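Data first, discussion second: the structure below is written as structure tokens.
Read the numbers this way: they start at 1 and go in the same order the structure lists the ligands and their atoms. Values in this document were obtained by computation on a predicted structure and should not be read as measured data.
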Amino acid sequence: MRPLILLTNDDGIQAQGLQALFRNLQQLGEICVVAPDTERSAVGHAITLTAPIRVDPYQFPGSGATRAFACTGTPADCVKLAVKTLLPRKPDLVVSGINPGANTGLYVLYSGTVSAATEGMILGIPSIAVSLDTWENPDFDTAGNFAQRIAAQVLKSGLPRGTLLNVNVPAIPPSKICGTRLTRHGRAVYDEEFHKRSDPRGRVYYWMSGRKADISENPDTDTEALKAGFISVTPIHFDLTDEKHLHEFRSWEVFAEQNIHS
Ligand code: MN
């Protein structure tokens, strides 16, 4: 049986990056698409609990018989719903993207793209997030091509349970790409600011903007790999425990109390 591959994103089902994923991955297996009906970038791992989730069949461009659905939920909702109800069987692979804009450092936490892959991982499916390091006139060819190669590798080799791959591709011509680097999750942050404006009714609103802060890190991090012209592949897992400092908290009086009622 051909592998079943679920594609999703956080940019909406009409996004070009998703179409690029589809074009590049269709030769690897049977494709299903379940993606948000509109853009849901930076919703992180949100799920919908207080509203109904609606799903509409969608004619994915050039896809023929491909099963595709537009969903009113978040990227994590899309993956949950796909795996638990919409797909004929559990997929062999989840690929999320291709996101315009890198998802490195702290932005992994805000990213809907990565969270969709995280949800796949939580459900026990090998999962990959793919992002391209530009918002401006993104050309998804190189990232799509690499998505195909890494997807084929994951279908062949599998992934450790509890680990997903976060892929970031530099936005430079293919001939300038120096290679592929296995990286660590870095500390990249954004310098953010709020623009204060007034709407036509005179009410104040705020709109956040920002650009990646210029910090330098170890060369083995995701952001530094991109800067140096490498495709970055970071294996990610979600044990958020602060192992390094865990013991320091043992001296706190609050942990010495044997009975919190005494
Ligand atoms: Mn996005």
> Which N, O or S atom name in D10 marks its closest approach to the Mn ion (ligand 1)?
Replying inline: OD1
> S111 side chain to V114 main-chain N or O, any donor-acceptor pair under 3.5 Å?
Replying inline: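 It does hold such a pair.
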> Would you say N166's side chain and N103's backbone share a donor-acceptor pair under 3.5 angstrom?
Replying inline: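 Such a contact is found between N166 side chain and N103 backbone.
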> At the Mn ion (ligand 1), what angle lies between atom OG of S41 and atom OD1 of D11, rounded to 10 degrees?
Replying inline: 90°
>> Take a 6.0 Å sphere around CD of Q14 and say whether it holds more than 12 heavy atoms from other residues, nucleotides or ligands.
In response: no
> CD of E136: more than 12 outside heavy atoms within 6.0 angstrom?
Replying inline: no
> Any N/O/S atom of N9 sitting less than 2.8 Å from the Mn ion (ligand 1), backbone or side chain?
Replying inline: no
